[in-house]
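Notes follow once the structure below has been shown.
Order of the sequence lines sets the chain letters (A, B, ...), proteins ahead of strands, with each chain counted from 1.
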Amino acid sequence: MFPPVDEQMARIRRGVAAIEPEAELRQKLERSLKTGKPLRVKYGIDPTGIDVHLGHTVPLRKLREFQQMGHQAVLIIGNYTALVGDPSGRDKTRERLTPEQVEANARDYLKQVAKVIDIQKTEVAFNGEWFSKFRFLDVLSLTSKITVQRMLERDDFTNRLKKGTPIYLHECLYPLMQGHDSVEVRADIELGGSEQLFSLMVGRDLQREAGQEPQVCITLPILRGLDGVRRMGKSLGNYIGVGESAYDMFAKTMSIPDELMREWFELLTDLPAERIAELIDWQKLHPRQAKEVLGKEIVKFYYGIKEADAAADEFRKRFSEKHDPTEVESVDVPSADLTDGAMWIGELLCRMQLAKSKNEARRLVEQGAITIGDKREKINDPKANVNVVDGLVVRRGSRQVKRVRLV
RNA sequence: GGGCAGUUGGCCGAGUGGCCAAUGGCAGCAGACUGUAAAUCUGCCGGACUUAGUCCUACGCAGGUUCGAAUCCUGCACUGCCCA
């Protein structure tokens with residue numbers, strides 16, 4: 001039923017930051033192989049935003065790996081923890097969400113997460129199921145399990161203390177809540193980003209207190225975003241969402257710094273280590289080529305091989321050959337608003353949402369960013385009136401292209 | 001509860017009565033260059049007016065002093081530090 005323990009260990013080890021403690025993991029695997037009982041692998045997410053991005057898929061892919069080896073994935077939707085806000089890796093208190101927002105997000109999350117893991121075979125639990133029944137005494141007993149000193153020794157809090165940014169008391173509850181989730185679902189293993197280690201370890205303590213065998217904590221590296229420096233994150237705008245189009249995924253991947261490729265290959269594809277080593281050997285292969293393989297692998301995971309090839313072709317056309325994209329968004333322009341078939345360029349750019357304001361439109365024109373029509377006629381005069389015909393293509397810089405639809 | 005300090009544009013951070021739509025950095029946008037949407041260099045980066053100019057809105061909130069306030073005064077809110 002399960003692969004041999006050594007094989008499982010090897011597959012689990014790939015691309016992880018830490019396994020704490022590794023010996024216990026082996027024991028658990030051996031026992032599960034003997035008894036035929038799958039391990040319960042917990043992964044929790046807080047429905048705080050709406051975009052699941054590749055950074056989130058790193059632990060999710062590991063969860064998928066466990067599923068493929070026959071273990072039981074347990075997904076915790078932190079609808080209650082989301083009300084608190086995870087302080088991990090934060091230098092500020094998170095904004096608190098309303099219960100309605102959290103619920104809407106949760107539904108959306110599941111849909112997105114299903115792109116990575118087999119949601120049919122996943123046990124999904126909302127931690128509100130138990131936390132909504134918590135009485136104050138329960139809170140007291142939970143909070144008596146950890147000292148203020150231990151709480152404050154975490155990096156995030158230490159930094160905030162040093163910098164004088166506020167730390168609210170409720171934020172200290174977060175790791176305890178996450179840890180308690182492990183008790184409720186009797187987790188054997190918990191996955192998380194490497195900044196989660198503290199919270200994961202709290203789970204071990206609480207399980208031990210509750211007379212359970214403590215979970216093994218497996219942390220995964222934090223994926224760096226498109227800039228190659230900071231962690232991939234929504235607020236940093238350096239991410240690829242799992243819901244993005246095949247083309248966008250591909251094009252964004254092509255924009256990452258070369259040095260980032262090894263990390264992405266390892267954390268975001270299933271390619272074997274030897275193959276990755278070949279790909280990132282610049283002596284043998286041009287980085288551009290390698291990056292194309294990477295982009296295709298990523299797109300393939302979500303859209304299949306055909307879409308991946310199509311995205312790569314489209315990219316080549318647009319960049320190497322500087323063509324307009326195959327599909328250009330159309331914007332309706334009422335012909336009644338034209339005078340003698342023409343419109344002031346500033347007005348036109350605003351209408352087409354290629355400029356936020358007429359001032360911006362003027363600047364763009366002055367900087368030579370605007371071209372129109374198939375012949376790519378450059379507009380240089382901010383006062384220009386341009387003839388507007390149906391299907392007119394308007395370009396802002398090299399990336400933003402829209403088409404007029406006269407109505 | 002008391003004392004002290006702070007709150008400036010998407011963020012960080014200068015400015016301490018007119019020269020301020022506000023120095024600088026980051027982020028963003030555009031141009032050149034490039035395998036690249038990277039790096040680098042250049043320009044832009046509140047809004048309206050088809051703009052060398054004029055006007056409007058903005059420096060936590062509400063009032064006040066002044067010919068004139070981001071800058072001074074009062075009150076309020078929020079945050080930090082110290083004392084209890």
Using the P atom on both, measure B/G18 against B/A69 and round to a whole Å. 11 Å
Can you tell me how far P in B/C11 sits from the matching atom in B/U16, rounded to whole Å? 23 Å
Quick one: are the ring centres of A/H180 and A/F134 less than 6.0 Å apart? yes
If I pick the P atom on B/G31 and the same atom on B/C20, what distance separates them, to the nearest angstrom? 31 Å
Can you find a side chain N or O atom of A/K358 that sits less than 4.0 Å from OP1 or OP2 on B/U50? no
On RNA chain B, more 5' by nearest nucleotide between A/R230 and A/S357 is A/R230
Have a look at A/D227 and say if it touches a base, only the backbone sugar-phosphate, or nothing, with a 4.0 Å heavy-atom cut-off. nothing
May I ask you to test the A/L223-A/T57 pair for a side-chain heavy-atom distance under 4.5 Å? no
Is A/E20 salt-bridged to A/R204, going by a charged N under 4.0 Å from an acidic O? no
Starting at CD1 of A/I379 and ending at C1' of B/U50, how long is that distance when rounded to a whole Å? 14 Å
If only atom types and distance count, is the side chain of A/K62 paired as donor or acceptor with the main-chain N or O of A/I12 below 3.5 Å? yes
Ion pair present between A/R288 and A/E292, side-chain N to carboxylate O less than 4.0 angstrom? yes
So, A/D138 and A/K133, do they make that salt bridge, N to O below 4.0 Å? no
Taking protein heavy atoms under 4.0 Å as touching, what does nucleotides 30-44 of chain B look like 5' to 3' if B marks base contact, S marks sugar-phosphate-only contact and - marks none? SS---BBB-----BS
SB check A/K252 A/E244 (cutoff 4.0 Å): yes
What distance, rounded to whole Å, do you find between the two C1' atoms, one in B/G28 and one in B/G46? 15 Å
Give the intermediate values and the outcome of side-chain hydrogen bond (donor to acceptor under 3.5 Å, both in side chains) for residues A/H56 and A/Q112. CA-CA 11 Å; A/H56 302 119; A/Q112 297 183 62; over 6 Å; no
Taking the same atom, C1', in B/U50 and in B/G25, what whole-Å distance lies between them? 35 Å
Stem list, RNA chain B (Watson-Crick or G-U pairing under 3.5 Å, at least 3 consecutive pairs): B:1-7 with B:77-83, B:10-12 with B:24-26, B:28-32 with B:40-44, B:46-49 with B:53-56, B:60-64 with B:72-76
Could you check if a side-chain atom of A/L39 sits within less than 4.5 angstrom of a side-chain atom of A/V216, using non-hydrogen atoms only? no
Reckon A/N359 has a side-chain N or O less than 4.0 Å from the OP1 or OP2 of B/G46? no
State plainly whether the residues A/R11 and A/E7 are in salt-bridge range, i.e. N to O under 4.0 Å. yes
Do NZ/NE/NH1/NH2 and the carboxylate oxygens of A/K402 and A/D324 come within less than 4.0 Å? no
Rounded P spacing from B/G9 to B/G2 in Å: 30 Å
A/E297/A/K300 ion pair, N-O < 4.0 Å: yes
Produce a footprint string for nucleotides 78-84 of chain B: one letter per nucleotide, 5' end first; B if the base is under 4.0 Å from any protein heavy atom, S if only the sugar-phosphate is, - if neither. -SS----
Pairwise C1' distance for B/G47 and B/A21, with rounding to whole Å: 10 Å
Between B/U71 and B/U65, how far apart are the two C1' atoms, rounded to whole Å? 14 Å
What integer distance in Å separates A/Q353:CD from B/C29:C1'? 16 Å
